[in-house]
Structure formats: C-alpha cells, structure tokens
Amino acid sequence: MQRRPFIGALGLAPLLARAAPAQVIRFSWWGGAGRHEATLKAIALFERRHPGLKIKAEYMGFNGYLERLTTQIAGRAEPDVMQINWAWLAMFSKRGNGFTDLHAHQDQMALNEFTPEDLASGVVAGKLNALPTSYTARVMLWNQASWARAGLALPKTWDELFAAGPVFKRVLGQQAFPLDGELYDMILLSLAYVQQKHGTPYVDPATPRVAMSADAALEWVHTYRRLVDQHVATSLPLRASLGGAEKPTEQQPDWVAGQWAGNYTWDSLIGLRNSTLQAPQKLALGDFATLPGARNSGMFGRPTLMYAVGRNSRQPALAARFVSFMLTDPEAAEILGRTRGAPAARTPFEALLSSNKLPPLELQAHRQILAQRQAGRIATPAPLFEHARLNRFMREVFETVAYSKASPAEAAQRLLTEGNALLQRIK
C-alpha cells in the first residue's frame with residue numbers, strides 16, 4: 001500500500017513526508033512546574049497540527065542545565081531546539097557558527113513579529129543565532145507599607161535612598177532595611193550608580209577588555225560598601241546566616257513581614273516577589289534613581305531567555321518552524337502566557353494586553369523599561385559580562401569585600417587586572 005504524504009496546514013509536507021515512522025525533534029529547557037506544564041501543552045498542540053512528528057521534551061530545573069548542555073554541545077549531541085540565556089551566545093557561538101543561522105530558515109519563521117532591536121540581540125557575527133522570548137531589565141520595587149511605617153516617602157534619588165538606611169534602623173529596628181538583594185543584585189545596583197557617574201560599563205561591549213577606569217572601579221566597590229555600611233541593604237553575611245546567601249527574597253521571613261522594604265530585581269520576577277507578602281504589605285514600582293547629568297540610565301537589561309537551533313540539527317528548518325510557533329503562534333501564546341516573561345513578539349504581547357493577563361505592576365514596569373529603551377538609555381551590555389566564569393570572578397571579588405577580607409582598593413585592582421586577564425582567556 002502506497003504511503004500518502006501528509007500535507008500540513010503550514011506547508012511542511014517536504015519536511016514531514018520522509019518520516020519513518022515518525023520524525024523527532026528534541027527540545028530542552030529549564031524552569032519550574034508552571035513553565036513545564038504550559039510548555040508540554042504547547043508541544044502537544046504543535047504535535048496535533050503535525051501528525052507523524054514527535055517533540056521529545058528534555059526539561060529540568062536550572063541547576064545542572066548549563067553543565068549538561070555544555071557536554072552535549074561539546075559532543076555534538078545537543079537538542080534540536082534549546083532554551084538558552086542570552087550570555088551563552090558568547091560561550092557557545094563566539095563567531096556566530098555555534099548555532100544554526102536562522103536567517104537561512106526565515107521562510108519558516110514570523111520574524112516580522114520582532115523589533116529590529118530584539119532581532120539584533122540574537123545576532124552574532126551577522127548570523128541570527130537565537131530569538132528572544134522576552135526582554136527584561138532591573139527595576140526598583142518598594143513595599144509602600146514599610147516605607148510609611150518608617151515615615152518616609154518612596155525614594156526617587158540616590159541621596160534619598162542612602163539617607164533612608166539610618167532612618168529605618170532608628171525607627172524600625174536593627175533588622176529593618178530599605179533594600180534586600182542577593183550579592184549579584186547589589187553588584188548590579190552599585191554598577192548602575194557608577195555607569196551613570198562615569199559613563200562606562202565594566203566590560204567593553206565591542207572588545208574583550210575592562211572598560212572602566214581605575215577611579216570608576218574603586219567607586220564601584222565603594223558604592224557596594226556604602227549600601228551595606230549605611231544600613232541601606234542587607235549584607236551578605238546576614239543573608240548567609242538566614243538560610244543561605246542566595247535564598248530568594250520572597251522566601252525571606254523579613255521580606256514577607258515587611259521588615260525588608262525593597263528589592264532591585266528583574267521585572268520578570270515581580271510576580272514572585274509579590275506572591276508571599278502579607279497584608280497590609282503592598283509593592284510599588286519605584287522611579288529608577290538617576291544622577292543629574294547621567295549619560296545613561298545605568299539600568300541593566302537584556303533578553304530574558306532565548307531559543308536557538310543546534311548547529312548539528314538534522315532538521316533545522318522544522319526546528320526553526322517550531323521556534324517560531326513557540327514565540328509567535330496565538331494559540332501557543334495563550335497556553336504559555338507569561339511563563340517566559342511578557343512576550344517579545346508583537347501579536348502575543350498585544351493579545352496578553354487585550355485579555356488583561358498582564359498584572360498592572362508588571363505592565364507598569366514593562367512601560368518604564370520600554371520608555372528607557374526607546375530613549376536609547378539602556379545600553380546593551382557586553383555578552384561576556386554575564387559569562388559564567390566572569391560572573392563567578394566578580395562575585396568572588398565582592399565576597400572578599402563583604403567579609404572584610406580585602407579592602408576596596410585591593411578589590412578594585414583585581415577587577416581591573418584579573419578581570420582583563422580573564423576576559424582575554426574567555427573571549
């Protein structure tokens with residue numbers, strides 16, 4: 001009996017007719033239970049539309065994901081479609097050939113759903129290596145009730161923020177702080193201040209070198225110490241004594257009770273931060289403090305997550321079509337919601353708005369970030385800045401400062417000399 005080829009609604013007969021007995025595409029991602037459940041439902045929808053096709057789901061929590069993916073890529077056994085962090089482009093595709101060039105399969109994709117800026121975020125050496133699920137940036141969240149108890153208005157300037165620490169300590173007690181955050185949060189907040197004042201990031205976005213001057217590096221470390229010493233932010237030793245230095249803010253009892261009154265975090269985490277607050281605690285989006293005459297906002301932003309197609313995929317066109325489906329298909333968008341942030345693709349985002357499924361605080365944060373992006377005040381960071389090895393190095397340097405094992409001058413010197421050396425090794 002002669003096999004009749006399946007003619008798919010999306011014109012995939014040439015790709016699917018060769019299935020024997022079924023085509024399989026591997027798709028890997030990390031996340032929590034909500035993301036897993038929604039993603040599996042979206043996969044099922046794609047499979048129903050394409051009989052004879054199987055999407056093999058390979059999912060897990062974040063711990064161990066990068067290590068597994070690194071091993072797979074080194075062995076040329078990576079999945080066809082991968083969820084990756086934006087910074088991993090610099091790790092796996094330094095010259096643009098680490099992933100499939102999606103430009104070669106643009107006839108399978110709705111690239112017109114993305115802004116030129118969002119498309120550019122996935123381009124390496126002229127090749128479209130990945131597409132963003134969404135864009136995220138750091139924002140200031142404040143617990144209005146806590147600030148009211150301290151007798152203070154929400155801070156709008158750096159001076160107001162630094163002045164709030166002693167007031168919180170005096171009025172609300174030793175365990176009350178205007179701001180909480182993990183070490184990396186405080187590193188980035190301190191960096192925002194320095195970028196506004198000195199106009200340069202830590203890593204040059206065009207070349208693998210430290211862009212900061214010695215004065216800027218020293219002020220970066222001093223700003224971190226100032227946040228801690230002036231009782232503005234929770235210290236690393238304090239957080240470590242309360243169940244772990246990296247314990248998420250929303251899991252901290254002092255956050256839940258309103259003793260810790262603010263957080264510098266990704267806008268994509270607003271829902272988590274808000275989820276554990278007890279009445280009458282209520283979060284508000286704060287103004288992003290900016291120094292007079294600042295050359296940019298210092299706001300740190302980049303794609304939340306990205307999808308890439310493996311360079312060893314035997315079915316890159318079909319994999320590219322699946323990526324486009326996950327990012328732009330209206331029914332898939334309805335299923336996936338905000339499990340990977342507010343969609344970067346135009347149609348899914350507009351559908352999210354029209355259905356009132358974007359909570360007001362998250363929409364407010366999105367608009368704040370969008371305004372900064374459109375004004376050109378969020379500089380694209382160097383991908384190497386979030387390279388795993390450089391990230392570990394920065395954390396280690398600031399940890400020595402947090403535990404008083406190194407002076408600010410010693411730490412700043414390491415950020416310059418050892419930072420430059422490391423960038424040359426990982427470029």
Side-chain angles (χ1 to χ4, degrees), residues 8-16 25 27-29 39 42-43 45-46 49-50 53 55 78-90 92-93 95-136 301-311 313-354 366 369-370 373-374 378 380 383:
L10 296 176
L12 291 176
L15 296 170
L16 296 175
I25 288 180
F27 173 34
S28 69
W29 75 90
T39 303
I43 287 173
L45 173 62
F46 192 78
R49 291 185 184 178
H50 306 95
L53 172 66
I55 305 293
E78 73 273 19
D80 296 277
V81 178
M82 294 159 279
Q83 176 181 294
I84 63 172
N85 272 333
W86 172 72
W88 297 355
L89 292 175
F92 297 125
S93 191
R95 296 168 183 83
N97 57 4
F99 300 107
T100 291
D101 182 2
L102 297 176
H103 282 140
H105 306 288
Q106 56 187 323
D107 61 327
Q108 303 290 323
M109 312 187 79
L111 297 183
N112 61 332
E113 285 282 334
F114 300 90
T115 66
E117 294 77 15
D118 284 332
L119 289 175
S121 69
V123 173
V124 182
K127 299 174 182 178
L128 184 58
N129 275 196
L131 287 174
T133 65
S134 55
Y135 184 91
T136 189
R302 42 91 168 141
T304 310
L305 300 166
M306 307 193 88
Y307 288 141
V309 173
R311 69 173 178 176
S313 174
R314 296 180 181 179
Q315 304 170 96
L318 186 52
R321 173 64 67 126
F322 176 64
V323 167
S324 187
F325 164 84
M326 290 291 290
L327 294 175
T328 67
D329 183 87
E331 287 187 71
E334 176 73 17
I335 294 169
L336 294 167
R338 300 174 356 262
T339 55
R340 289 175 175 86
R346 181 182 66 256
T347 299
F349 179 75
E350 290 175 351
L352 200 65
L353 284 183
S354 63
H366 176 84
I369 294 165
L370 182 62
R373 290 184 76 190
Q374 291 177 337
I378 302 182
T380 302

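This structure is a prediction, so every number in the text was calculated from the model and none was measured.
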| said: Does any part of the side chain of Ser121, heavy atoms only, come nearer than 4.5 Å to the side chain of Met306, both counted from C-beta? | reply: yes
| Testing Ile335, Leu131, Thr39 for side chain to side chain contact (heavy atoms under 4.5 Å, CB included) with Met326, which one passes? | Thr39
Looking at [Y], is its backbone amide N or carbonyl O close enough to the side chain of [X] to form a donor-acceptor pair, meaning the two atoms are under 3.5 Å apart?
X      : Y      : answer
Arg311 : Asn97  : yes
Asp329 : Ala332 : yes
Thr328 : Ser324 : yes
Thr100 : Gly310 : yes
Arg373 : Glu117 : no

| query | Is the Tyr307 to Phe322 ring centre distance short of 6.0 Å? | reply | no
| request: Go through the steps for Glu113 and Thr347 under the test side-chain hydrogen bond (donor to acceptor under 3.5 Å, both in side chains), then give the verdict. | output: CA-CA 7 Å; Glu113 285 282 334; Thr347 299; 2.6 Å; yes
| query | Under the 6.0 Å and 45° cation-pi test, does Arg302 pair with Tyr135? | reply | no
| task | Check the pair Trp86 / Leu305 against side chain to side chain contact (heavy atoms under 4.5 Å, CB included), numbers first and verdict last. | result | CA-CA 6 Å; Trp86 172 72; Leu305 300 166; over 6 Å; no
| Yes or no on side chain to side chain contact (heavy atoms under 4.5 Å, CB included) for Arg340 and Gln83, after CA distance, side-chain angles and deciding distance? | CA-CA 10 Å; Arg340 289 175 175 86; Gln83 176 181 294; 2.7 Å; yes
Least distance between heavy atoms, [X] atom then [Y] atom:
X      : Y      : answer
Arg49  : Glu331 : NH2-OE2, 2.8 Å
Ala90  : Pro383 : CB-CB, 3.6 Å
Asp80  : Arg314 : OD1-N, 4.0 Å
Val124 : Ser93  : CG1-O, 3.1 Å
Gln315 : Ile25  : NE2-CG1, 4.1 Å
Pro132 : Leu327 : O-CD2, 3.8 Å

Starting at [atom1] of [X], measure out to [atom2] of [Y] and round the result to the nearest 0.5 Å.
X      : Y      : atom1 : atom2 : result
Ile55  : Leu45  : CD1   : CG    : 11.0 Å
Met82  : Phe99  : CE    : CZ    : 5.0 Å
Gln374 : Ile378 : CD    : CD1   : 10.5 Å
Leu352 : His366 : CG    : NE2   : 9.5 Å
Asn129 : Arg95  : CG    : CZ    : 13.0 Å
Thr133 : Ile84  : OG1   : CD1   : 10.5 Å

| said: Please determine whether side chain to side chain contact (heavy atoms under 4.5 Å, CB included) holds for the pair Ile369 and Thr136, giving the CA-CA distance in whole Å, both sets of side-chain angles, and the decisive distance to 0.1 Å. | reply: CA-CA 8 Å; Ile369 294 165; Thr136 189; 5.8 Å; no
| task | Please determine, by modelled atom types, if Thr115 and Asp118 share a side-chain donor-acceptor pair under 3.5 angstrom. | result |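 Yes, Asp118 and Thr115 have a side-chain donor paired with an acceptor closer than 3.5 Å.
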| message | If you apply the rule side chain to side chain contact (heavy atoms under 4.5 Å, CB included), what do you find for Met109 with Arg321, and how did you get there? | response | CA-CA 6 Å; Met109 312 187 79; Arg321 173 64 67 126; over 6 Å; no
| Parallel under 30°, tilted from 30 to 60°, perpendicular over 60°: which one fits the rings of Phe46 and Phe325? | tilted
